[in-house]
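Handing you this structure, nothing more for now.
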Amino acid sequence: MRTQQTRHADVSLSSGDNHLTLASSTATYDSALELFGGRRIEATPSACGNQVLVALYESPPYDLEVAPMDFARLSINLAGVPVFGAIASSRSRNYNGRRYSLFYTPAGSDAHWSKPRHSRHCNIYFREDLIEELADGRTAQLSPDRPLLDVHVRGIKPWIDALELSIGEPGPFADDASLVLAHLIVAKLTCVPERHTPTLKAAALGRVREYVAEHLGETIRVAHLAALTDLSVGRFALCFQASTGVLPSRFVLSRRVEAAMGLLRDSPMPMAEVAVACGFSSQQHMATMMRRLVGVVPSSVRRRVRGTNA
């Protein structure tokens, strides 16, 4: 059997560098993977105060050593591929590496991984203090100094599926959805299960609803909404979902679709102008989102109105 050559890549960054960012950390990981023909397919912009970044990768078989990095890294297997390796001082061993398997590398920890065939995975990079912020002082599975190896967590598979889809979609709507999903996945691993997630106060939720209604024609970032509640993006996403049952990005999208339906029914405004007025990037984007959320397209709404008026 042919033995793969192990290649080393120095992906460490000086913590004293004022320009240290999640994006630069991602670039160094990318370089390490590229030595084996792997590649980053997509990545969200670094946002939320340089707190979270998500990247999607594909790679042929590899035997990779990654030097310590300054940010924590949660890797999620998106293809079932056996894995051999270790994080930090743990002993190298074989792992099943099924789809949805989680591998967490704390900041400052080296890692060695070997995969025997083509693989696909997603990395969530984040600052370690996000763990403490989301857990509010008490952590569950995810701890700043404890690796996770081939862990499966109930309840997050739909979020992982949605994250994989949203990373590949263009535009700020998909970017915000990806970042919120990443926050929720990290939070699920961080928070103590029996603890009740607090909901937003009525006044704070009212400010969010009002802001969304008044700015539908503009780009609405989750960070904008979080600022209205004096919460970080991570805490806001958790509390908002606990209050409404939906993600902030899904709430904004639903309001855009509702507003578009109203304009299509009650005004003669051209469909392209309706799309712009409701914050969609194009008429096609509006049609796609309407079909996905309510099962109709703009032209069918217009036809119904004309048929009624006839």
Heavy-atom closest pair, residues Ala272 and Gln283 =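 Answer, listing the atom of Ala272 first, then Gln283: N-OE1, 3.5 Å.
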inquiry  = Once rounded to the nearest 0.5 Å, what's the spacing between atom CE of Met271 and atom CD of Glu273?
reply    = 11.5 Å
query = Any sub-3.5 Å donor-acceptor pair from Thr244's side-chain atoms to Phe240's backbone N or O?
reply = yes
task = Taking Ser243 for its side chain and Cys239 for its backbone only, find out whether a donor-acceptor pair lies under 3.5 Å.
result =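 Answer holds: yes.
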task = On the 0 to 90° scale, with breaks at 30° and 60°, tag the Phe126-Tyr104 ring pair as parallel, tilted or perpendicular.
result = parallel
note = The ring-ring contact (aromatic ring centres under 6.0 Å, His included) partners of Tyr125 (sequence neighbours excluded) come to none
inquiry  = Is the shortest side-chain heavy-atom distance between Leu149 and Ile87 below 4.5 Å?
reply    = yes
key: Flag side-chain contact, heavy atom, 4.5 Å: Asp175 against Arg221   = yes
ask   = Do Met289 and Val276 share a hydrophobic cluster (ILVMFWY, side-chain heavy atoms under 4.5 Å, transitive)?
value = no
Rounded distance [0.5 Å steps], CG in Asp150 versus OG in Ser75 =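 One gets 12.0 Å once the value is rounded to the nearest 0.5 Å.
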query = When hydrophobic residues are tied together by side-chain contacts of less than 4.5 Å, even through go-betweens, does Val180 share a cluster with Leu74?
reply =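 The answer is yes; both residues are in one hydrophobic cluster.
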key: ring-ring contact (aromatic ring centres under 6.0 Å, His included) pairs, two or more places apart, involving residues 256-277   = none
request  = Start with the C-alpha distance between Asp176 and His224, add both sets of side-chain angles, then the distance that settles side-chain contact (heavy atoms from CB on, under 4.5 Å), and finish with yes or no.
outcome  = CA-CA 11 Å; Asp176 254 19; His224 299 161; over 6 Å; no
key: Under 3.5 Å: donor-acceptor pair, side chain of Glu128, backbone of Ala107   = yes
Heavy-atom pair with the smallest gap, counting every atom of Gly217 and Arg256 = N-NH1, 4.4 Å
inquiry  = I'd like to know if Val83 and Val81 are part of one continuous hydrophobic network [Ile/Leu/Val/Met/Phe/Trp/Tyr, side-chain heavy atoms within less than 4.5 Å].
reply    =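 Hydrophobic grouping puts Val81 apart from Val83.
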ask   = Do you know the tightest heavy-atom contact between Asn123 and Tyr57?
value =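 For Asn123 versus Tyr57, the nearest heavy atoms are ND2-CE1, 3.6 Å.
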What pairs of donor and acceptor atoms, side-chain ones from residues 200-207 against any protein atom, are under 3.5 angstrom apart with sequence neighbours left out?
unit_1: Arg207; atom_1: NE; unit_2: Leu228; atom_2: O; d: 3.0
unit_1: Arg207; atom_1: NH2; unit_2: Leu228; atom_2: O; d: 3.1

task = Assess whether side chain to side chain donor-acceptor pair (under 3.5 Å) is satisfied between Ser59 and His118, documenting all intermediate values.
result = CA-CA 6 Å; Ser59 179; His118 183 277; over 6 Å; no
ask   = Gln284 and Thr288: side chain to side chain donor-acceptor pair (under 3.5 Å), yes or no, with the steps?
value = CA-CA 6 Å; Gln284 181 58 47; Thr288 300; 3.2 Å; yes
Side-chain heavy-atom pair Met69, Val66 within 4.5 angstrom cut-off = yes
ask   = For Val301 and Met261, which heavy atoms make the closest approach, and how far apart are they?
value =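 Smallest heavy-atom distance, with atoms named: CG2-SD, 3.8 Å.
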task = With side-chain contact (heavy atoms from CB on, under 4.5 Å) as the test, would you mind laying out the steps for Ser119 and Asn77 before giving the verdict?
result = CA-CA 8 Å; Ser119 63; Asn77 272 18; over 6 Å; no
Between CG on residue Leu184 and CG on residue Leu247, distance to nearest 0.5 Å =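 Output value for this atom pair is 5.5 Å.
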task = Drop me the distance from Lys188's NZ to Leu238's CG, to the nearest 0.5 angstrom.
result = 10.5 Å
remark   = From the list Phe84, Tyr62, Phe36, Phe103, ring pair (Phe, Tyr, Trp, His ring centres under 6.0 Å) with Trp113 holds only for Phe103
key: Pairwise distance NE2(His121) to CZ(Arg99) - rounded to 0.5 angstrom   =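 Output value for this atom pair is 13.5 Å.
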query = So do the side chains of Val52 and His183 get within less than 4.5 Å of each other, counting heavy atoms only?
reply = yes
ask   = Quick one: do Asp70 and Arg127 make a salt bridge, cutoff under 4.0 Å?
value = no
query = Going through the distances and angles, do Leu179 and Val222 end up as a side-chain contact (heavy atoms from CB on, under 4.5 Å)?
reply = CA-CA 9 Å; Leu179 292 168; Val222 176; over 6 Å; no
message = For Ile76 versus Tyr100, what's the shortest heavy-atom pair and its separation?
response =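 Closest approach of Ile76 to Tyr100: CG2-CA, 4.3 Å.
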same_hphob_cluster(Val297, Leu253) at 4.5 Å side-chain heavy-atom cutoff =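 No: no chain of side-chain contacts under 4.5 Å links Val297 to Leu253.
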request  = Answer yes or no: is there a side-chain heavy-atom contact under 4.5 Å between Asp145 and Pro106?
outcome  =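 Side-chain contact under 4.5 Å: no.
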ask   = Salt-bridged, Glu214 to Arg209, with N to O below 4.0 Å?
value =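 The answer is no: the pair does not qualify as a salt bridge.
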ask   = Does CZ belonging to Arg250 count more than 12 external heavy atoms closer than 6.0 Å?
value =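 Open: at most 12 neighbouring heavy atoms sit under 6.0 Å from CZ of Arg250.
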query = Is it the case that one hydrophobic cluster holds both Val252 and Val246, taking links as side-chain heavy atoms less than 4.5 Å apart, direct or via other members?
reply =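 Looking at the clustering, Val246 is in the same group as Val252.
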key: Flag side-chain contact, heavy atom, 4.5 Å: Phe251 against Ile220   =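 With C-beta onward as the side chain, the pair stays apart.
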query = Salt bridge between Arg40 and Glu58, side-chain N to carboxylate O under 4.0 Å?
reply = no
key: Straight-line distance of Thr190 OG1 to Ile185 CD1, nearest 0.5 Å   =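 Going from OG1 on Thr190 over to CD1 on Ile185, the span is 11.5 Å.
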query = Can you check whether Pro147 reaches Thr105 side chain to side chain, under 4.5 Å on heavy atoms?
reply = no
request  = Verify side-chain contact (heavy atoms from CB on, under 4.5 Å) between Ile41 and Arg120, making sure each step is shown before the conclusion.
outcome  = CA-CA 10 Å; Ile41 304 172; Arg120 181 181 173 94; 3.4 Å; yes
query = So do the side chains of Pro82 and Asn94 get within less than 4.5 Å of each other, counting heavy atoms only?
reply =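 Not touching, per the 4.5 Å side-chain cut-off.
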ask   = Can you name the closest pair of heavy atoms from Leu163 and Ser178 and give their distance?
value =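 Where Leu163 meets Ser178 most closely, the heavy atoms are CD1-O, 3.4 Å.
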